[in-house]
Q: 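The structure that follows is given in the form of structure tokens.
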Amino acid sequence: MAASMLASAWGSGRVGAPALSRTPPGPRGMWARVRRPPGPAVAGRSVAAASGQRAEDTGHYCLELLRKRDYESYLCSLLLPAESRSSAFALRAFNVELAQVKDSVSEKTIGLMRMQFWKKTVEDIYCDNPPHQPVAVELWKAVRRHNLTKRWLMKIIDEREKNLDDKAYRNIQELENYAENTQSSLLYLTLEILGIKDLHADHAASHIGKAQGIITCLRATPYHSSRRQVFLPMDICMLHGVSQEDFLRRNQDKNVRDVIYDIASQAHLHLKHARSFHKSVPAKAFPAFLQTVSLEDYLKKIQQVNFDIFHPSLQQKNTLLPLFLYIQSWRKRY
């Protein structure tokens with residue numbers, strides 16, 4: 001099923017990429033190792049609150065939400081073991097719901113109210129009393145099935161809530177912290193869905209999540225600049241004498257490219273460090289890390305356009321992503 005669905009899909013990805021090459025040296029790596037605490041047990045029996053909707057309806061809702069809003073995660077989830085797929089769809093749909101809040105509200109107060117809804121929802125899920133909301137129902141099933149750690153779900157909400165403020169990251173560490181608490185937390189939960197409890201896998205997940213957060217920030221820069229917003233780390237911009245106005249005007253000077261190079265190099269270093277655990281990470285964990293395919297693809301493409309963040313080719317979809325993801329899955333690598 002997964003292979004046939006992948007065969008008709010599009011995306012952007014690549015298996016493996018060379019090191020970023022450019023004359024200026026990249027910034028130093030900041031390797032933070034994060035260990036997950038054991039998750040709490042899920043309380044009790046199922047309740048009638050979640051059984052009002054048919055399972056196929058709520059499951060299909062999550063799948064379609066992911067397919068439309070986070071296509072790369074949708075493709076990666078298709079390649080997980082069959083018994084883990086529905087839970088992965090629920091987890092990623094939960095992330096999509098949170099990610100959409102910032103761009104879908106006109107006032108921060110409304111955004112805070114929606115985040116509060118999801119905090120209460122997670123609390124209710126762990127009390128076996130989920131609300132009648134498709135993503136909440138599916139997430140409740142995943143929590144019960146895999147005993148998912150509540151802390152990681154709450155961290156994602158808390159970090160998304162803090163990010164409702166339209167402020168640039170003060171430094172690369174702030175961006176990495178945001179990525180750790182969102183993208184890495186999603187990977188920790190995905191490992192739990194796969195039944196993986198391994199310190200090396202956690203370390204790899206931490207670095208892959210940080211790389212994904214950094215690259216997501218880069219990929220979103222043209223969109224943000226069109227809304228007169230810049231979220232790139234201010235310390236790196238100041239280092240190269242670049243202002244936010246340079247990005248708003250889509251300046252392509254060398255200094256602007258140097259900023260992008262430094263940030264992209266940091267993402268590359270995190271991927272490199274994650275792969276240093278390759279021989280120690282259980283092979284069962286590799287499907288959780290298939291996002292590295294699209295991350296490597298973006299790093300390769302931005303290198304090819306000499307770190308011009310606004311180059312049109314960076315916005316184009318790579319129709320070979322399903323194939324590359326399938327090959328990477330077959331090779332059992334990340």
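Start at 1 with the first residue, then count along the sequence.
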Q: Can you label the angle between the Phe286 ring and the Tyr334 ring as parallel, tilted or perpendicular, going by 30° and 60°?
A: perpendicular
Q: Measuring from atom OH of Tyr298 to atom CD of Gln303, what distance do you get when rounded to the nearest 0.5 angstrom?
A: 12.5 Å
Q: Do NZ/NE/NH1/NH2 and the carboxylate oxygens of Glu72 and Arg219 come within less than 4.0 Å?
A: yes
Q: Taking the six-membered ring for Trp, are Trp118 and Phe94 parallel (under 30°), tilted (30 to 60°) or perpendicular (over 60°)?
A: perpendicular
Q: Show the numbers, then the answer: is there a salt bridge (charged side-chain N to carboxylate O under 4.0 Å, His left out) between Arg67 and Glu64?
A: CA-CA 5 Å; Arg67 185 178 65 83; Glu64 283 299 302; 2.5 Å; yes
Q: Would you find more than 12 non-hydrogen atoms of other residues, nucleotides or ligands less than 6.0 Å from Arg250 atom CZ?
A: yes
Q: Between Glu138 and Ser86, is a side chain to side chain donor-acceptor pair (under 3.5 Å) present by the stated rule, with each step listed?
A: CA-CA 8 Å; Glu138 288 298 304; Ser86 62; 5.2 Å; no
Q: For Ala205, which residues count as a side-chain contact (heavy atoms from CB on, under 4.5 Å) partner, sequence neighbours excluded?
A: Leu187, Tyr188, Leu191, Phe289
Q: Minimum heavy-atom separation for Asn181 to Glu159, with atom names?
A: ND2-OE1, 2.9 Å
Q: Could you tell me whether the side chain of Ser206 and the main chain of His203 form a donor-acceptor pair under 3.5 Å?
A: no
Q: For residues 235-243, please give each side-chain donor-acceptor pair under 3.5 Å, one per line with the distance, not counting sequence neighbours.
A:
| unit_1 | atom_1 | unit_2 | atom_2 | d |
| --- | --- | --- | --- | --- |
| Asp235 | OD1 | Ile172 | N | 3.4 |
| His240 | NE2 | Asp262 | OD2 | 2.7 |
| Ser243 | OG | Glu245 | N | 3.4 |
| Ser243 | OG | Asp246 | N | 3.4 |
| Ser243 | OG | Asp246 | OD2 | 3.4 |

Q: Side-chain contact test, heavy atoms from C-beta onward, threshold under 4.5 Å: evaluate it for Arg227 versus Asp103 and give yes or no.
A: yes
Q: Which pair of heavy atoms, one from Asn147 and one from Glu192, lies closest together, and at what distance?
A: O-OE1, 4.2 Å
Q: Could you tell me which non-hydrogen atom of Cys76 sits nearest to which non-hydrogen atom of Leu325, and how far apart they are?
A: SG-CD2, 3.9 Å
Q: Answer yes or no on whether Lys155 is positioned over the face of Tyr178, meaning its NZ or CZ is under 6.0 Å from the six-membered ring centre and within 45° of the axis.
A: no
Q: State plainly whether the residues Arg145 and Glu83 are in salt-bridge range, i.e. N to O under 4.0 Å.
A: no
Q: If the threshold is 4.0 Å, N to carboxylate O, is there a salt bridge linking Arg275 and Glu296?
A: yes
Q: Go through the structure and list residues passing side-chain contact (heavy atoms from CB on, under 4.5 Å) with Ser329, not counting sequence neighbours.
A: Leu79, Leu290
Q: Counting only N and O atoms by type, is there a donor-acceptor contact under 3.5 Å from the side chain of Lys102 to the main-chain atoms of Asn163?
A: yes
Q: Could you check Thr190, Ile193, Leu194, Leu189 and say which one makes a side chain to side chain contact (heavy atoms under 4.5 Å, CB included) with His146?
A: Ile193
Q: Looking at Lys119 and Asp158, is any side-chain nitrogen of the basic one under 4.0 Å from a carboxylate oxygen of the acidic one?
A: yes
Q: Which pair of non-hydrogen atoms, one from Leu175 and one from Gly213, has the smallest distance, and what is that distance?
A: CD1-O, 4.1 Å
Q: May I ask you to decide whether Asp202 forms a salt bridge with Lys197, counting only side-chain N to carboxylate O separations under 4.0 Å?
A: no
Q: Which residues pass the side-chain hydrogen bond (donor to acceptor under 3.5 Å, both in side chains) test with Arg69, sequence neighbours left out?
A: Gln100
Q: Would you please name every residue forming a ring pair (Phe, Tyr, Trp, His ring centres under 6.0 Å) with His311, sequence neighbours left out?
A: none
Q: Is there a side-chain contact between Leu66 and Asn95 (heavy atoms, below 4.5 Å)?
A: no
Q: Test Arg257 against every option in Asn251, Asn306, Ile309 by the side chain to side chain contact (heavy atoms under 4.5 Å, CB included) rule and name the one that passes.
A: Asn306
Q: Restricting to salt bridge (charged side-chain N to carboxylate O under 4.0 Å, His left out), what partner residues turn up for Asp308, sequence neighbours left out?
A: none
Q: If you look at every heavy atom in Ala267 and Ala211, which pair is closest and at what distance?
A: O-CB, 3.6 Å
Q: Would you indicate whether the side-chain heavy atoms of Leu65 and Tyr74 approach each other to under 4.5 Å?
A: no
